[in-house]
Amino acid sequence: MKPDRPPTDFETLVYQIVRTIPKGKVSTYGTVAKRAGRGTARSVGTALARNPFAPEVPCHRVVRADGSLGGFNGETEGPEMQKKTRLLKSEGVEVRSGVIDLSRFGS
DNA sequence: GTTGTGACGGGTC
DNA sequence: CGACCCGCCACAA
């Protein structure tokens, strides 16, 4: 199991930015990093991985730069669609083969 | 202070 | 196309 650790300033900053993502849209780790003005996609991914505010911070709205879902949920075309992907679609994001059209949903 | 890891990104093979 | 490599920054040991 992964022991919980108190979030640092950088992580809190990332959570705050991700939390501002409008429904039906998605952002990328690189974009969030740019918004944070600190770190890069690597650090943002690590921060979201430790996201202690699961329902509060829509980490599922954050995807990779290529439109791939990322580590939170990769395979969507299986017999049972993952919850996060389904939720993403519920938000109005078109997820095709585990890939999102950033051309339309990239905030 | 140094090393290793990670929900990434872009480039190269 | 996919697979592989290096570089990036933040965090833990």
Side-chain angles (χ1 to χ4, degrees):
Chain A
M1 262 326 233
K2 355 184 220 153
D4 286 32
R5 276 133 205 137
T8 63
D9 294 332
F10 181 77
E11 293 176 349
T12 306
L13 177 61
V14 173
Y15 304 144
Q16 171 123 335
I17 293 167
V18 174
R19 202 164 126 214
T20 59
I21 299 176
K23 182 182 80 162
K25 294 237 175 143
V26 295
S27 301
T28 61
Y29 297 99
T31 300
V32 176
K34 195 170 181 174
R35 266 200 180 285
R38 296 249 183 231
T40 55
R42 264 299 213 206
S43 309
V44 173
T46 304
L48 281 182
R50 299 287 163 207
N51 166 24
F53 303 94
E56 188 142 349
V57 178
C59 40
H60 54 264
R61 283 190 201 146
V62 185
V63 296
R64 290 182 61 140
D66 15 7
S68 313
L69 293 183
F72 61 89
N73 166 33
E75 315 193 359
T76 6
E77 304 188 85
E80 292 184 21
M81 199 178 284
Q82 306 297 26
K83 295 197 258 178
K84 291 197 172 173
T85 302
R86 193 177 57 126
L87 178 61
L88 218 42
K89 289 174 121 188
S90 265
E91 299 270 314
V93 179
E94 185 182 352
V95 184
R96 202 67 157 174
S97 305
V99 183
I100 297 171
D101 203 342
L102 296 175
S103 309
R104 302 180 94 115
F105 301 106
S107 45

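Residue numbers begin at 1 in each chain, while the letters A, B, ... track the order of the sequences.
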Rounded distance in Å - CZ (Arg42(A)) to C1' (dG4(B)): 12 Å

Can you tell me how far P of dG6(B) sits from CD of Glu11(A), to the nearest Å? 16 Å

Which part of the nucleic acid, if any, lies within reach of Tyr29(A) when heavy atoms closer than 4.0 Å are counted: base, sugar-phosphate only, or nothing? base

Heavy-atom side-chain contact between Leu48(A) and Tyr15(A) under 4.5 Å: yes

Before giving the answer on side chain to side chain contact (heavy atoms under 4.5 Å, CB included), spell out for Glu11(A) and Thr8(A) the whole-Å C-alpha distance, their side-chain angles and the decisive distance to 0.1 Å. CA-CA 5 Å; Glu11(A) 293 176 349; Thr8(A) 63; 3.4 Å; yes

Looking at Arg38(A) and Phe10(A), would you say the former's side chain and the latter's main chain have a donor-acceptor pair under 3.5 Å? no

Atom CG of Asn51(A) to atom C1' of dC8(B): distance rounded to whole Å? 17 Å

Is Arg64(A) near enough to dC8(B) that one of its side-chain N or O atoms lies under 4.0 angstrom from OP1 or OP2? yes

What's the verdict on side chain to side chain contact (heavy atoms under 4.5 Å, CB included) for Arg19(A) and Glu56(A), showing C-alpha distance, side-chain angles and the deciding distance? CA-CA 7 Å; Arg19(A) 202 164 126 214; Glu56(A) 188 142 349; 3.7 Å; yes

Under the criterion side chain to side chain contact (heavy atoms under 4.5 Å, CB included), I'd like the reasoning laid out for Leu69(A) against Ile100(A): C-alpha separation, chi angles, the key distance, then a yes or no. CA-CA 7 Å; Leu69(A) 293 183; Ile100(A) 297 171; 3.8 Å; yes

Ser43(A) or Gly30(A): which one's nearest nucleotide on DNA chain B is closer to the 5' end? Ser43(A)

Min and max contacting nt of DNA chain C in 5' to 3' order, chain A heavy atoms within under 4.0 angstrom, are dG7(C) to dA12(C)

Any non-hydrogen side-chain atom of Val63(A) less than 4.5 Å from a side-chain atom of Ser68(A)? no

